[in-house]
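Because the structure is a prediction, the values reported are computed rather than measured. Reckoned from all heavy atoms, side chains included, excluding hydrogens, waters and symmetry mates. Here is how names work: the chains are called A, B, and so on, in the same order as the sequence lines, proteins then strands, and each is numbered from 1.
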Amino acid sequence: MIDPKLLRQSTTDVAKNLSRRGFDFDVDAYLALEERRKSLQVNTENLRNERNSSSKNIGKAKAQGEDIAPLLAAVKDLGDKLEENEAALQALLSELQAIELGLPNLLDDDVPDGRDEDDNVEVRRWGEPVKFDFEAKDHIEIGESLGLLKFEAASKISGSRFVIMRAGLARMQRALIQFMLDTHTSEHGYEEAYVPYLVQSQALVGTGQLPKFEEDLFKTTNETPFYLIPTAEVPLTNLARDVIYEADQLPLRYTAHTPCFRSEAGSYGQDTRGMIRQHQFEKVELVQLVAADTSAQALEELTGHAETILQRLELPYRVVSLCSGDVGFGARKTYDLEVWLPGQERYREISSCSNCGDFQSRRMQARRRNPDSGKPELIHTLNGSGVAAGRALIAIMENYQQADGTIRVPAVLRPYMGGTETV
RNA sequence: GGAGAGAUGGCUGAGUGGUCGAAAGCGCUCCCCUGCUAAGGGAGUAAGGGCUAAUACCCCUUCGAGGGUUCGAAUCCCUCUCUCUCCGCCA
């Protein structure tokens, strides 16, 4: 959520920033509502004040044994009037809040302008795409010919966008997850967490998936429904909900491995074949909770932590800074890590690292106590994939494929696979 | 699933219709005293929101959540959630 005060006082500046995303904010409609809100709220609070002081007087009079009948008569109409005002105010506030919850985050100044992913700006590259002395296959062909990827079997059970992995490949995914968690906890200062995969709506409102992107989520049919997490960012970031941290408790760094569930509504026809885009995939997530003035630096570090994984796996990748039209709803700046896929001969997203500023913490009331003023202030939240295990597995299959159709095991994963060198 | 108890400020814990945003204690901050330490004295110490140039006044809201009764609710009524104890069941 954007600071309501800023929205009120600098509405056109906010609108201008949002327009960089291609987001059209109806300034006039908002200002009209806001004007009504102001007078109605002031009015209502005055009425409440009147009611409160009258009631106190009645109390005093009664205590002194005076006749309170005339006092009661004087406040007779107040109640109805107040009730009417409160109802109108409530309606107006909900309307405003709905608007505010639907506004994306303000962009950082150094986010490049652009419409869509074609305008993203490459920041740096690491590694050289491998040259094979045979025709490179994609992960589907490799996996199916080895009998390690079972798409049809999965679709019999669960439909499209699911996969079953077998034997060495299933084990390699587990090794990959172990390797990533170990690296982040022992070298990058993250604390490992085990978190719920089912969450309630307020957690998703906190991180920004709700109310706007409900159609992207899986939802249970309980009376108070659960949602399957689309990323561990949701439970990890919500650890800070309603917390006021002492200054010396920050920064906090959390990592978790979880499955992620996405309905992929609206992506029909995209990546329908293979394991790129699934309803369920494994990911190791990184989340940081930091003081406001350190988040820009933290984003660079967090991105580096994800990069370390790809470097150790010796997978060529590039880092792109997402352009204004491609930065996600809750982020003010995002770096994507794109890994080289020989089967597609292009770079594909494998990690997305974002600084959300105070956007999420305002929704969650996640704060720290300012050591100088003693006052609570919103913290900044960051998240990034460190990295998506399913896609990392694809990258390994395609980059480590051999002429005979088998896959070499990256050196750093071998200790996690009992020394196995090939699958 | 059955039976019972509970939810109040950073913590402990009073408070069954009015002057209670809330006693007291602890903790914390500042000041005083004491040549260190210990002890003692005094003051302060919730969050959100509105108004505002303001982190100044003033006002509103908040005693697990949501409804209700009332001029007035931490206190009375209803619903829900969570925690604890015992029994059953289970990983």
Side-chain angles (χ1 to χ4, degrees), chain A residues 1-11 13 30-31 33-101 194 196-203 205-206 220 222-227 235 238-250 291-293 358-379:
Chain A
M1 211 159 89
I2 296 172
D3 182 0
K5 261 188 182 162
L6 183 73
L7 186 59
R8 232 176 270 157
Q9 290 168 357
S10 315
T11 315
D13 290 342
Y30 165 78
L31 286 177
L33 272 181
E34 171 52 27
E35 199 179 327
R36 279 173 55 209
R37 186 230 104 225
K38 186 165 172 170
S39 67
L40 194 54
Q41 180 161 354
V42 168
N43 203 343
T44 305
E45 289 186 357
N46 285 341
L47 283 174
R48 278 205 278 245
N49 183 15
E50 208 179 311
R51 194 248 350 245
N52 290 347
S53 48
S54 300
S55 293
K56 272 185 188 171
N57 288 335
I58 292 175
K60 280 182 196 162
K62 204 174 170 187
Q64 290 166 11
E66 294 170 18
D67 179 17
I68 61 168
L71 291 172
L72 286 178
V75 292
K76 192 165 177 288
D77 297 334
L78 207 60
D80 289 343
K81 215 161 120 194
L82 183 57
E83 211 165 303
E84 214 173 281
N85 268 275
E86 278 177 336
L89 179 62
Q90 189 50 52
L92 202 49
L93 287 177
S94 323
E95 205 176 329
L96 274 166
Q97 179 173 288
I99 291 173
E100 287 166 8
L101 286 176
Y194 171 80
Y197 303 160
L198 294 169
V199 299
Q200 294 190 353
S201 62
Q202 65 159 13
V205 171
T220 70
N222 301 262
E223 198 177 337
T224 47
F226 290 111
Y227 293 84
N238 272 281
L239 282 168
R241 169 178 294 277
D242 293 325
V243 176
I244 303 177
Y245 294 103
E246 292 307 322
D248 61 9
Q249 290 179 276
L250 301 181
D293 56 354
D358 61 14
F359 185 85
Q360 295 179 321
S361 57
R362 182 169 292 107
R363 290 169 168 239
M364 298 188 301
Q365 285 299 95
R367 293 163 292 169
R368 69 152 197 163
R369 196 167 294 283
N370 183 304
D372 299 321
S373 68
K375 294 292 176 197
E377 63 185 16
L378 295 170
I379 61 168

Expressed as a whole number of Å, how far does the C1' atom of B/rU70 sit from that of B/rU16?
16 Å
A/N52 CG - B/rG72 P separation (whole Å)
10 Å
Distance check needed: B/rU61 P versus A/L89 CG, whole Å only.
12 Å
Of the candidates B/rG18, B/rU61, B/rA47, the side chain of A/S55 sits closest to B/rG18
So, does A/R48 get its side chain near the phosphate of B/rG49, meaning an N or O under 4.0 Å from OP1 or OP2?
no
Rounded to whole angstrom, note down the C1' distance from B/rA14 over to B/rC82.
24 Å
Between A/N49 and B/rC60, is there a side-chain N or O to OP1/OP2 distance below 4.0 Å?
yes
Distance check needed: B/rU61 P versus A/E50 CD, whole Å only.
13 Å
Which value, in whole Å, describes the distance between the P atoms of nucleotides B/rG72 and B/rC11?
32 Å
Whole-Å gap separating C1' (B/rG49) and CG (A/L96)
14 Å
Rounded distance in Å between the P positions of B/rG68 and B/rU19:
23 Å
Under 3.5 Å, is there an N or O donor on one side and an acceptor on the other linking the side chain of A/K5 and the base of B/rU52?
yes
Contact under 4.0 Å: A/N46 side-chain N or O vs B/rC60 OP1/OP2
no
Determine the contact category for A/A74: base if any of its heavy atoms lies under 4.0 Å from a base atom, sugar-phosphate if only primed atoms, P, OP1 or OP2 are that close, otherwise nothing.
nothing
In terms of side-chain geometry, is the basic nitrogen of A/R362 or A/D358 positioned less than 4.0 Å from the acidic oxygen of its partner?
yes
Suppose you measure atom C1' in B/rG1 against the same atom in B/rG27; what distance do you get, rounded to whole Å?
43 Å
Heavy atoms only, 4.0 Å cut-off, all strands: where does A/N57 land among base, sugar-phosphate and nothing?
nothing
Rounded to whole Å, how long is the line connecting atom CG of A/D248 with atom C1' of B/rC28?
14 Å
Which of these nucleotides, B/rU19, B/rU61, B/rC59, is closest to any side-chain atom of A/K56?
B/rU19
Tightest non-hydrogen contact, residues A/V75 and A/S54, listed as CG1-CB, 3.3 Å
Does A/T224 offer a backbone N or O that forms a donor-acceptor pair with the side chain of A/N222 under 3.5 Å?
no
Minimum heavy-atom separation for A/T44 and A/L40, please, with both atom names.
OG1-O, 2.7 Å
Have a look at A/K38 and say if it touches a base, only the backbone sugar-phosphate, or nothing, with a 4.0 Å heavy-atom cut-off.
sugar-phosphate
Choose from B/rG50, B/rU61, B/rG48 the nucleotide whose nearest atom is closest to any side-chain atom of A/P376.
B/rG48
Any A/R8 side-chain nitrogen or oxygen under 4.0 Å from OP1 or OP2 of B/rC51:
yes
With nearest nucleotide decided by heavy atoms, which residue, A/I58 or A/R367, maps closer to the 5′ end of RNA chain B?
A/R367
Okay, side chain of A/N49, backbone of A/E45: is any donor-acceptor separation there less than 3.5 Å?
no
Without decimals, in angstroms, what is the distance between A/Q97 CD and B/rG49 P?
12 Å
Looking only at atom P, what distance separates B/rA65 and B/rU81, rounded to whole Å?
15 Å
Taking the side chain as every heavy atom from C-beta outward, state whether A/E377 and A/R368 have any pair of such atoms under 4.5 Å apart.
yes
Taking atom types as they are modelled, is there a donor-acceptor pair under 3.5 Å from the base of B/rG18 to the side chain of A/K62?
yes
Answer yes or no: does a side-chain N or O of A/R369 lie under 4.0 Å from OP1 or OP2 of B/rU29?
no
Tell me which of A/S53 and A/P4 sits closer to the 5' end of RNA chain B, going by the nucleotide each one is nearest to.
A/P4
When the C1' atoms of B/rG66 and B/rA7 are considered, how many whole Å apart are they?
16 Å
Listed range with range, the stems formed with RNA chain B by at least 3 consecutive Watson-Crick or G-U pairs (under 3.5 Å) are B:1-7 with B:81-87, B:10-12 with B:24-26, B:27-32 with B:40-45, B:46-50 with B:58-62, B:64-68 with B:76-80
Electrostatic pair A/E34:A/R37 at N-O distance under 4.0 angstrom:
yes
Should A/R37 be listed as having a side-chain N or O under 4.0 Å from OP1 or OP2 of B/rC51?
yes
Round to a whole Å and report the spacing from CD1 of A/I244 to P of B/rC28.
19 Å
Whole-Å C1' distance, B/rU61 and B/rC51
15 Å
With a 4.5 Å heavy-atom cut-off, do A/L101 and A/M1 have their side chains touching?
yes
Should we say atom CD of A/E86 is surrounded by more than 12 heavy atoms from elsewhere, each under 6.0 Å from it?
yes
